[in-house]
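To keep things clear, I will list the structure first and then write my remarks on it.
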Amino acid sequence: MITLGGCTSTNDPAPDGSVPSPRGSGDPGLPPRAREVSVRGVDPCSLLTTEQLNRLKENGIPRLLPEDTRRDGPTCAFDVDATTPSYTYYLEVIATADLRDWTEGGHFKASATREPVNVPGFPALIHYAPSRGVPDCETLVGVAEGQTLRAETAPDGNTFTRQQLCDMSTTVAKMAVETLETFR
């Protein structure tokens, strides 16, 4: 497991003379959030454009998961199953948990691995649990104070490496954040 850490000062002025907010990322090993983009009331099925879905080779109709199958908020499934290997992308908008919830709060699991990942302008982590079976990976993006966007790639078999799944979920997270920013 990689431990996040480091020393940062939230009182040092930025190049433009402003003072960054100490509430930036929830973890000193992550970059501060450059802006707040709320997911409250956002339909996760609207977070990928037709062009993005085509690039991802999504071939079904995005579907909102029923409430009883969700983890923390509205979740949309995007299937890529016209050819093998098949898999599903999930996008979840979480308006009740901050990114720090996965590093030290209610979603923290000591056995899970958390690694910083680059989502421009936002603190983000890849997050996964150890597994001897089918690997999984999700990308968590701290889009606003107390709010997180979760992107996950779930394969239908053991065809992908964990790194491939993490790269895929991060790509989807970046696309979703790009779209989310157009909602402002």
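The analysis underlying the following values was restricted to heavy atoms, covering all of them including side chains, and did not include hydrogens, waters or symmetry mates. All values derive from a computational prediction rather than experimental measurement.
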Residues in salt bridge (Lys or Arg N to Asp or Glu O under 4.0 Å) contact with E138, at least two apart in sequence or another chain:
R71, R150

Working for side-chain contact (heavy atoms from CB on, under 4.5 Å), residues R33 and E145
CA-CA 9 Å; R33 187 173 24 257; E145 184 68 27; 3.4 Å; yes

Residue pairs, two or more places apart or on separate chains, that pass salt bridge (Lys or Arg N to Asp or Glu O under 4.0 Å) and touch residues 75-88
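As it turns out, the salt bridge (Lys or Arg N to Asp or Glu O under 4.0 Å) pairs with a partner in residues 75-88, which skip direct neighbours, are R63-D79.
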
Could you walk me through whether L125 and T103 pass the side-chain contact (heavy atoms from CB on, under 4.5 Å) check?
CA-CA 9 Å; L125 297 169; T103 61; 3.6 Å; yes

Between the main-chain N or O of [Y] and the side-chain N or O of [X], is there a donor-acceptor pair closer than 3.5 Å?
{"X": "T69", "Y": "E67", "value": "no"}
{"X": "E92", "Y": "D72", "value": "yes"}
{"X": "E115", "Y": "I126", "value": "no"}
{"X": "Q52", "Y": "M175", "value": "yes"}
{"X": "K174", "Y": "P120", "value": "no"}

Can you tell if the side chain of P85 reaches within under 4.5 Å of the side chain of D156, non-hydrogen atoms only?
no

Stepwise side-chain contact (heavy atoms from CB on, under 4.5 Å) test for F122 and L149:
CA-CA 11 Å; F122 297 92; L149 173 72; over 6 Å; no

Working to the nearest 0.5 Å, report the span between [atom1] of [X] and [atom2] of [Y].
{"X": "Y128", "Y": "Q163", "atom1": "OH", "atom2": "CD", "value": "7.5 Å"}
{"X": "L56", "Y": "F78", "atom1": "CG", "atom2": "CZ", "value": "9.0 Å"}
{"X": "L91", "Y": "T75", "atom1": "CG", "atom2": "OG1", "value": "9.0 Å"}
{"X": "D136", "Y": "H127", "atom1": "CG", "atom2": "NE2", "value": "9.0 Å"}
{"X": "R114", "Y": "H107", "atom1": "CZ", "atom2": "NE2", "value": "12.5 Å"}
{"X": "E104", "Y": "D98", "atom1": "CD", "atom2": "CG", "value": "9.0 Å"}

Determine the minimum heavy-atom distance between [X] and [Y], stating which atoms define it.
{"X": "A77", "Y": "L65", "answer": "CB-CD2, 4.1 Å"}
{"X": "L99", "Y": "L140", "answer": "CD1-CB, 3.5 Å"}
{"X": "L48", "Y": "A176", "answer": "CD2-N, 4.0 Å"}
{"X": "V39", "Y": "Q147", "answer": "N-OE1, 2.7 Å"}
{"X": "P31", "Y": "P123", "answer": "O-CB, 3.3 Å"}
{"X": "S46", "Y": "T179", "answer": "O-CG2, 3.6 Å"}

If you group Ile, Leu, Val, Met, Phe, Trp and Tyr by side-chain heavy-atom gaps below 4.5 Å, do V42 and V37 land in one group?
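V42 clusters together with V37.
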
When you group the ILVMFWY residues by side-chain heavy-atom contacts below 4.5 Å and let the links chain together, are V119 and L180 in the same group?
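Yes, L180 connects to V119 through the hydrophobic network.
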
Considering only residues two or more places apart or on different chains, which pairs with a residue in residues 163-184 satisfy ring-ring contact (aromatic ring centres under 6.0 Å, His included)?
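Those involving residues 163-184 do not exist here.
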
If a pair satisfies ring-ring contact (aromatic ring centres under 6.0 Å, His included) and one of its residues is in residues 135-168, list it, with sequence neighbours excluded.
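Sorted result for residues 135-168: Y87-F160.
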
May I have the step-by-step check of side-chain contact (heavy atoms from CB on, under 4.5 Å) for V93 and L47, ending in yes or no?
CA-CA 10 Å; V93 291; L47 290 176; 3.8 Å; yes

Looking at residues at least two apart in the chain, or sitting in another chain, which of them share a side chain to side chain donor-acceptor pair (under 3.5 Å) with E178?
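None.
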
Between S169 and T139, is any side-chain donor less than 3.5 angstrom from a side-chain acceptor?
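Indeed, the side chains of S169 and T139 share at least one donor-acceptor pair under 3.5 Å.
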
Restricting to side chain to side chain contact (heavy atoms under 4.5 Å, CB included), what partner residues turn up for T96, sequence neighbours left out?
I94

